[in-house]
Amino acid sequence: MAHQAGGQWPAPRPVPETSETQSYLQDYGVLLDAVPFPSLVVDHRWDVVLANDAYATLFGGARPHPTAMPGDNFLRFVLFHPDAGLVLGDHEAGWCLPMLAQFKGAMDAYGHDPELQAIRREIMQDPLMDAAYRQGLPHWIRAVGERGTRLDGAVRLLLHPDPRRGPTECRIVDETPQALRELGCRRLTLVPRDSRGPVAPVRRPRRQRAMPAHLTVVPPPEG
């Protein structure tokens, strides 16, 4: 599995430690490895429980980061890793805002969770990110509607590190079986849409902060 490939991914995240659960996850990891598309299993914190080799390949170029590696926590990677925009096209509108919406949902359901509280503090420490969460997110949700905040079925842009592929649209498919759901986990697969033809050329962004100098969804300050 990708969390073991080349030593670059951590061991699976803690889950209820019963032999039945561990055996199920081990077998599910074999299934995940058979999928040619990037696929991962996350818990309610977006900690990565399992990920396959295609996922490791897609995000394998990310530089070391103390808290936001894609093999550790996908939410943190999207929001805080400076290299996220090199792989996740249309980074702000296509990935950051939807993931902030996912984070808001997690906070509404599990606000007592210390890891989620730590992420909220980290958002607060970044004025741009905090503005996006408090001001931009409600504005964006009103614009796209609740349906637009869902990940399942959403079409997003990937900037694949393989130059033969380049910018590629993918559809996010939530295919969580009941057993994973009972463990508080969900499985997401990024299915490329190559058969629909190439998307318009996209210029790869330079390495930068996760958010631009000003968020387009946040009204600019007056004066």
Side-chain angles (χ1 to χ4, degrees), residues 37-40 42 46 48 51 54-106 119-120 122-141 143-144 148-163 165-174 188-193 198-220:
F37 311 130
S39 191
L40 71 161
V42 296
W46 288 87
V48 176
Y55 180 87
T57 298
L58 181 63
F59 297 106
R63 293 172 295 174
H65 189 283
T67 64
M69 291 303 290
D72 292 335
N73 185 290
F74 186 71
L75 173 71
R76 282 183 171 276
F77 173 73
V78 173
L79 298 183
F80 303 128
H81 200 295
D83 293 346
L86 299 176
V87 181
L88 305 175
D90 191 20
H91 184 225
E92 178 190 331
W95 294 93
C96 286
L97 287 168
M99 289 304 295
L100 282 174
Q102 293 290 314
F103 174 69
K104 180 180 183 302
I119 294 174
R120 181 66 186 102
E122 195 165 344
I123 290 174
M124 291 175 63
Q125 291 169 5
D126 185 326
L128 292 176
M129 189 76 70
D130 193 45
Y133 186 71
R134 293 185 299 103
Q135 302 171 29
L137 185 61
H139 172 79
W140 179 76
I141 292 176
V144 303
T149 67
R150 301 172 191 164
L151 290 182
D152 185 34
V155 175
R156 299 288 183 254
L157 182 63
L158 293 177
L159 308 178
H160 201 282
D162 186 341
R165 303 190 64 177
T168 305
E169 285 185 336
C170 75
R171 187 177 296 278
I172 302 174
V173 178
D174 186 331
L188 298 172
T189 301
L190 309 180
V191 182
R193 306 177 77 220
V199 298
V202 176
R203 188 174 183 179
R204 285 184 177 272
R206 296 178 180 178
R207 296 183 186 274
Q208 57 183 5
R209 292 168 58 88
M211 289 289 187
H214 179 73
L215 293 165
T216 58
V217 296
V218 180

Value rounded to 0.5 Å, distance of OG1 in Thr57 from CG in Asp162 = 9.5 Å

How many angstroms lie between atom CG of Leu151 and atom CZ of Arg171, to the nearest 0.5 angstrom?
-> 13.0 Å

Anything under 30° is parallel, anything over 60° is perpendicular, the rest tilted; go ahead and classify Phe59 against Phe77.
-> perpendicular

Could you give the distance from CD (Glu92) to CH2 (Trp140), rounded to the nearest 0.5 Å?
-> 10.5 Å

Tyr133 and Phe103 aromatic centres sub-6.0 Å | yes

Leu190 CG to Glu169 CD distance, which is reported to the nearest 0.5 Å | 13.0 Å

Note, Phe37 side chain near Pro192 side chain (heavy atom, < 4.5 Å) | yes

Is a side-chain N or O of Gln102 found less than 3.5 angstrom from the main chain of Thr149, in a donor-acceptor match?
-> yes

With no hydrogens and no angle check, is any side-chain donor or acceptor of Thr168 less than 3.5 Å from a backbone partner on Gly166?
-> yes

From Leu137 atom CG to Met129 atom CE, the distance as rounded to the nearest 0.5 Å = 12.0 Å

For Asp152, what residues pass the side chain to side chain donor-acceptor pair (under 3.5 Å) criterion, not counting sequence neighbours?
-> none

Report the C-alpha separation of Cys170 and Val191 in whole Å, then their side-chain angles, then the decisive distance to 0.1 Å, and conclude whether the side-chain contact (heavy atoms from CB on, under 4.5 Å) test is met.
-> CA-CA 5 Å; Cys170 75; Val191 182; 5.8 Å; no

Taking the side chain as C-beta and beyond, is there a heavy-atom pair between Leu97 and Ile141 under 4.5 Å?
-> no

Please tell me if the side chains of Pro98 and Arg150 come closer than 4.5 Å, counting only heavy atoms from C-beta onward.
-> no

Take the angle between the ring planes of Phe74 and Trp95 and call it parallel below 30°, perpendicular above 60°, tilted in between.
-> perpendicular

Would you list the pairs meeting salt bridge (charged side-chain N to carboxylate O under 4.0 Å, His left out) in which at least one residue belongs to residues 131-140, sequence neighbours left out?
-> Asp130-Arg134

Spacing of CG belonging to Leu157 relative to NE2 belonging to His91, to within rounding of 0.5 Å = 12.0 Å

Output yes when a side-chain donor or acceptor of Arg156 lies under 3.5 Å from a complementary backbone atom of Gly94, and no otherwise.
-> yes

Let me see the working for Val48 and Asp72 under side-chain contact (heavy atoms from CB on, under 4.5 Å), right down to the final yes or no.
-> CA-CA 5 Å; Val48 176; Asp72 292 335; over 6 Å; no

Return the minimal non-hydrogen interatomic distance between His81 and Ala62, and the atom names on each side.
-> NE2-CB, 3.9 Å

Determine, stepwise, if the pair Arg76 / Ile119 fulfils side-chain contact (heavy atoms from CB on, under 4.5 Å).
-> CA-CA 8 Å; Arg76 282 183 171 276; Ile119 294 174; 3.6 Å; yes

Might you work through the side-chain contact (heavy atoms from CB on, under 4.5 Å) test for Leu158 and Leu58, ending with a clear yes or no?
-> CA-CA 9 Å; Leu158 293 177; Leu58 181 63; 4.0 Å; yes

